[in-house]
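First the structure, which I've put down as structure tokens, then a few questions once you've had a look.
A note on names: the letters A, B, ... follow the listed sequences, proteins ahead of strands, and every chain is numbered from 1. Any value given below was found using the heavy atoms of this structure, including those in side chains, with hydrogens, waters and symmetry copies removed.
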Amino acid sequence: MIVKRVRELLEEYLPEGVRFQVGPPPREELGDLATNAALVAAGPLGRRPRELAEELARKLAEKRELFRKVEVAGPGFLNLFVAPSYWQGVVERVLLAGADYGRSTLGAGRKVQVEFVSANPTGPLHIGHGRGAAVGDSLARLLHFAGYQVVREYYINDRGRQMEILGRSVWLRARELAGEGISFPEDHYRGDYIIEIARKLLRERPDFLELSEEEAVEVARDFALAEILAEIRRDLEDFGVHYDVWYSEKDLYKRGEVAEALEALKKAGYLYQKDGALWFQATAFGDEKDRVVLRANGEPTYFASDIAYHREKFLKRGFDLVVDVWGADHHGYVPRLRAALAALQIDAQRLRVLLIQMVNLLEGGQLKSMSTRAGEFVTLRELLEEVGRDAVRFTFLTRKCDAPLDFDVDLAKSQKSENPVYYVQYAHARLASVFRKAEEAGFSGEENYDPSLLETPEDLRLLKLLDFFPQMVEEAAEALEPHRLTYYLLDLAEALHDYYTKHRFISEDRALSQARLALAKAVKQVLANGLNLLGVSAPERM
RNA sequence: GGGCGCGUAGCUCAGUUGGAUAGAGCGUUGGCCUCCGGAGCCAGAGGUCGUGGGUUCGAAUCCCGCCGCGCCCUCCA
């Protein structure tokens with residue numbers, strides 16, 4: 001957290017509101033850290049950058065426990081050379097904190113909801129949902145670790161037209177199974193899982209086909225919903241994703257939330273009748289066009305329930321921040337939902353929407369379609385069974401979420417170094433192996449050590465990375481970008497592997513061994529903490 | 001036609017919120033096992049950051065115009 005320390009120091013000397021940068025300099029010879037603070041602050045202070053830089057350099061250099069040298073360079077950059085003793089102290093900080101190293105109070109206990117996946121319960125989860133699950137779950141872990149109070153939620157669209165179609169799909173397949181010749185409509189759910197559900201329904205309800213059409217469709221709908229939802233839960237559990245709340249859209253109506261929300265919008269003066277439908281004046285808040293909330297046939301739109309749902313999140317359930325993880329194909333929804341929040345006098349800044357781009361499955365050759373209705377898709381379960389949980393989760397988090405992802409199945413299955421998940425896990429397992437050896441050599445792991453013996457360039461590289469971890473956690477949480485964890489872990493693993501080939505943890509030199517084992521323990525801890533935030537296991541052996 | 005996202009090494013992608021000479025993996029070329037796990041490491045080659053302007057001390061990053069790709073533009077979800 002050296003960067004944070006430097007920031008705090010500089011903020012004491014500079015006027016408030018000056019946005020300056022503290023980060024690694026472009027070249028190693030320029031020190032450990034560089035800042036443009038003098039450049040940025042010179043203007044507001046009415047001073048020459050170079051002169052201000054000299055003054056700041058003198059003040060910082062007084063902190064002998066932090067810096068061994070502070071230089072002014074170019075137009076007024078400050079180059080900071082951090083005292084080795086500061087870096088060496090990080091081992092103790094990591095070992096003391098253990099699994100809590102990197103935990104932050106950034107969130108200050110604020111309540112945040114992460115709503116993710118929320119796929120319609122009309123079929124099994126496919127790989128696109130898997131990406132949303134990996135991102136949402138990792139983000140929830142990250143926010144929790146960063147000091148937020150987190151609720152993970154799945155919103156179930158368990159009513160409306162698509163539920164009727166689901167019911168009809170099952171009903172038609174059941175009649176088909178009974179030998180009846182039927183024609184199956186294009187816009188119905190065509191997947192084989194529908195036939196399975198129909199078969200099971202016929203077993204459990206032998207009288208099913210004797211029911212009236214209306215009754216049968218209703219029975220089939222409820223039956224299919226329960227079946228599919230159970231399967232979705234199972235898939236997510238097997239993926240290591242656990243929800244705090246499964247939120248039913250149907251309940252939202254039962255409790256009158258939708259009517260209440262529409263009433264609130266009406267009171268605020270943003271609803272009007274046109275062509276027999278009820279419209280929300282979204283254009284008043286920057287959306288492209290006004291949106292229907294009640295259709296001419298009296299049915300509320302999906303948008304209407306969404307307004308009510310989000311109104312409840314903020315106004316009744318008291319979330320300070322709501323993160324929605326959506327498929328990128330829903331991006332058109334964002335402006336209208338923000339508009340509705342604004343109309344309800346809710347600060348739309350409190351809603352953050354992550355749009356997850358498409359996943360293309362690459363196996364030997366090319367991609368596969370992912371249309372639920374057409375029934376052609378690779379399910380999350382199939383991918384999990386083929387590739388394994390850790391590799392799937394890690395791979396989904398190797399890309400920022402607003403970029404499309406080509407999921408290379410062959411690569412994810414590979415157990416070679418080209419597969420990034422093994423690269424990181426191997427670093428952890430390798431250290432575990434070192435400790436098994438250390439024990440044989442008579443090290444308990446609890447000995448005192450002299451951190452000043454950690455002085456090679458490879459030591460310092462690891463120490464700096466360990467020091468950076470808490471900051472990286474905060475930045476990733478603030479930016480809602482769990483993929484930063486992935487890249488950090490790859491860096492740390494690389495530094496460790498490099499160290500491993502150049503130095504020995506266990507040697508004749510007992511004091512040196514003790515210091516290096518302490519470092520190894522700290523690295524292992526941070527690898528484990530980071531992997532845990534991704535929901536990926538940190539194996540002792542592979 | 002409009003909106004959103006994306007164009008960075010042969011391929012797949014990072015790029016610390018505007019900083020100094022743009023990075024990694026794979027692939028490729030050449031090296032490293034008496035040794036804690038070689039599932040590893042080191043070195044080399046490889047670039048008009050799609051393109052043309054603009055903003056300023058300074059742009060891959062911000063603004064505008066083009067080009068290409070994807071997604072979305074329903075009283076579907």
Taking B:rG38, B:rC72, B:rC41 as options, the one with an atom nearest any side-chain atom of A:D329 is B:rC72
Item to check | B:rG19 base stacked by A:F77 (centroids within less than 5.5 Å, tilt under 30°) | outcome: no
Q) In whole Å, what separates the P atom of B:rA9 from that of B:rA22? A) 15 Å
The residue, A:Q21 or A:R430, whose nearest nucleotide of RNA chain B is more 5′ is A:Q21
A:F468 has its side chain closest, among B:rC41, B:rU16, B:rC13, to B:rU16
**Report entry** Enclosure of A:E508 CD (heavy-atom neighbours >12, cutoff 6.0 Å)
**Finding:** no
Taking B:rC71, B:rA77, B:rC36 as options, the one with an atom nearest any side-chain atom of A:R504 is B:rC36
Its glycosidic angle compared against 90° from 0, B:rU17 adopts the form syn
Quick check with a 6.0 Å cut-off and a 45 degree axis cone: is A:R336 positioned over the face of A:Y333's six-membered ring?
yes
On RNA chain B, more 5' by nearest nucleotide between A:E478 and A:P300 is A:E478
When you measure from the side-chain N and O atoms of A:Q162 to the phosphate of B:rA77, is any distance below 4.0 Å, counting only OP1 and OP2? no
Quick check on the 6.0 Å ring-centre criterion: do A:F116 and A:Y154 meet it? no
Rounded to whole Å, the CG-C1' distance (A:D402 to B:rC71) equals 13 Å
Taking B:rU17, B:rA77, B:rC41 as options, the one with an atom nearest any side-chain atom of A:Y423 is B:rC41
Whole-Å distance, A:H503 NE2 to B:rC42 P, equals 12 Å
From the candidates B:rC6, B:rC71, B:rU12, the one with an atom nearest any side-chain atom of A:D406 is B:rU12
Closest to the side chain of A:Y500, out of B:rG3, B:rG38, B:rA77, is B:rG38
Which donor-acceptor pairs under 3.5 Å do the side chains of residues 433-441 of chain A make with protein atoms, sequence neighbours left out?
| from | atom 1 | to | atom 2 | distance (Å) |
| --- | --- | --- | --- | --- |
| A:R436 | NH1 | A:E540 | O | 3.2 |

Rounded to whole Å, CG of A:D408 lies from C1' of B:rG25 at a distance of 13 Å
Ranking B:rA14, B:rU17, B:rC75 by distance to the side chain of A:D275, first place goes to B:rC75
Between A:E249 and A:D158, the two heavy atoms sitting closest are N-OD1, 3.3 Å
Side-chain atoms of A:A277 come closest, of B:rU16, B:rC75, B:rG38, to B:rC75
In whole angstroms, the gap separating C1' of B:rU16 from NZ of A:K400 amounts to 13 Å
Which whole number of Å gives the distance between the C1' atom of B:rG46 and that of B:rU28? 9 Å
Separation of B:rG25 atom P from A:L405 atom CG, nearest Å, is 20 Å
Exercise for review: Could you walk me through whether A:Y272 and A:F280 pass ring pair (Phe, Tyr, Trp, His ring centres under 6.0 Å), step by step?
Suggested key: CA-CA 7 Å; A:Y272 62 89; A:F280 164 59; 9.2 Å; no
- Using a heavy-atom cut-off of under 4.0 Å over every strand shown, decide if A:R399 touches base, sugar-phosphate, or nothing. sugar-phosphate
- Would you classify A:R291 as touching base, sugar-phosphate or nothing, given that sugar-phosphate means primed atoms plus P, OP1 and OP2, and contacts are heavy atoms under 4.0 Å? nothing
Distance between the P atoms of B:rC13 and B:rU8, in whole angstroms?
9 Å
Flag yes if more than 12 heavy atoms outside A:R5 fall under 6.0 Å of its CZ atom; otherwise flag no. no
Out of B:rC13, B:rC75, B:rC4, minimum distance to the side chain of A:V292 belongs to B:rC75
Whole-Å distance, A:Y189 OH to B:rA77 C1', equals 8 Å
- Rounded to whole angstrom, note down the C1' distance from B:rU29 over to B:rA45. 7 Å
task = Begin from the C-alpha positions of A:Q425 and A:D390 and carry the test side-chain hydrogen bond (donor to acceptor under 3.5 Å, both in side chains) through to its verdict.
result = CA-CA 10 Å; A:Q425 287 183 316; A:D390 286 343; 3.0 Å; yes
Sugar-phosphate only, base, or nothing, as touched by A:N297 at under 4.0 Å among non-hydrogen atoms:
nothing
Glycosidic torsion of B:rC62 (syn if within 90° of 0, anti otherwise) classifies it as anti
Atom CZ of A:R161 and atom P of B:rC75 are separated, to the nearest Å, by 13 Å
May I ask you to check if A:R510 and A:F443 form a cation-pi contact, with NZ or CZ under 6.0 angstrom from the six-membered ring centre and within 45° of the axis?
-> yes
Quiz item: Expressed as a whole number of Å, how far does the P atom of B:rC69 sit from that of B:rC63?
Solution: 23 Å
- Mind checking A:H428 for me? I need base, sugar-phosphate or nothing, with any heavy atom below 4.0 Å counting as a touch. nothing
Distance-only donor-acceptor test, A:N36 side-chain atoms vs B:rA20 base atoms, 3.5 Å: no
Note, RNA chain B 5' to 3' with Watson-Crick or G-U pairs under 3.5 Å encoded as ( ), [ ], | and . gives (((((((..((((.....[...)))).(((((.......))))).....(((((..]....))))))))))))....
| Candidate pair A:R516 and A:Y499, rule side-chain hydrogen bond (donor to acceptor under 3.5 Å, both in side chains), full reasoning | CA-CA 11 Å; A:R516 288 185 171 174; A:Y499 191 98; 3.1 Å; yes
inquiry  = With rounding to the closest Å, how many angstrom separate the C1' atoms on B:rG53 and B:rA14?
reply    = 28 Å
At under 4.0 Å between heavy atoms, what does A:N79 touch on the DNA or RNA strands: base, sugar-phosphate, or nothing? base
- With a non-hydrogen cut-off below 4.0 angstrom, is A:H330 in contact with a base, only sugar-phosphate, or nothing? base
Item to check | Separation between the C1' atoms of B:rC26 and B:rC67, rounded to whole Å | outcome: 29 Å
- Task: Go through A:K4 and A:E474 one step at a time and tell me if the salt bridge (Lys or Arg N to Asp or Glu O under 4.0 Å) criterion holds.
- Result: CA-CA 11 Å; A:K4 207 171 190 176; A:E474 288 195 347; 3.3 Å; yes
Picking from B:rA14, B:rC42, B:rA77, the nucleotide nearest the side-chain atoms of A:K502 would be B:rC42
Separation of B:rG19 atom P from A:F20 atom CZ, nearest Å, is 14 Å
Base of B:rG5, side chain of A:H331 - is there a donor-acceptor contact under 3.5 Å? no
ask   = What does A:Y426 touch in the nucleic acid at a heavy-atom separation under 4.0 angstrom: a base, only the sugar-phosphate, or nothing?
value = base
- prompt: How is A:A479 classified with respect to the nucleic acid when contacts are heavy atoms under 4.0 Å: base, sugar-phosphate, or nothing?
  reply: base
When the C1' atoms of B:rG15 and B:rC71 are compared, how many Å lie between them, rounded to an integer? 25 Å
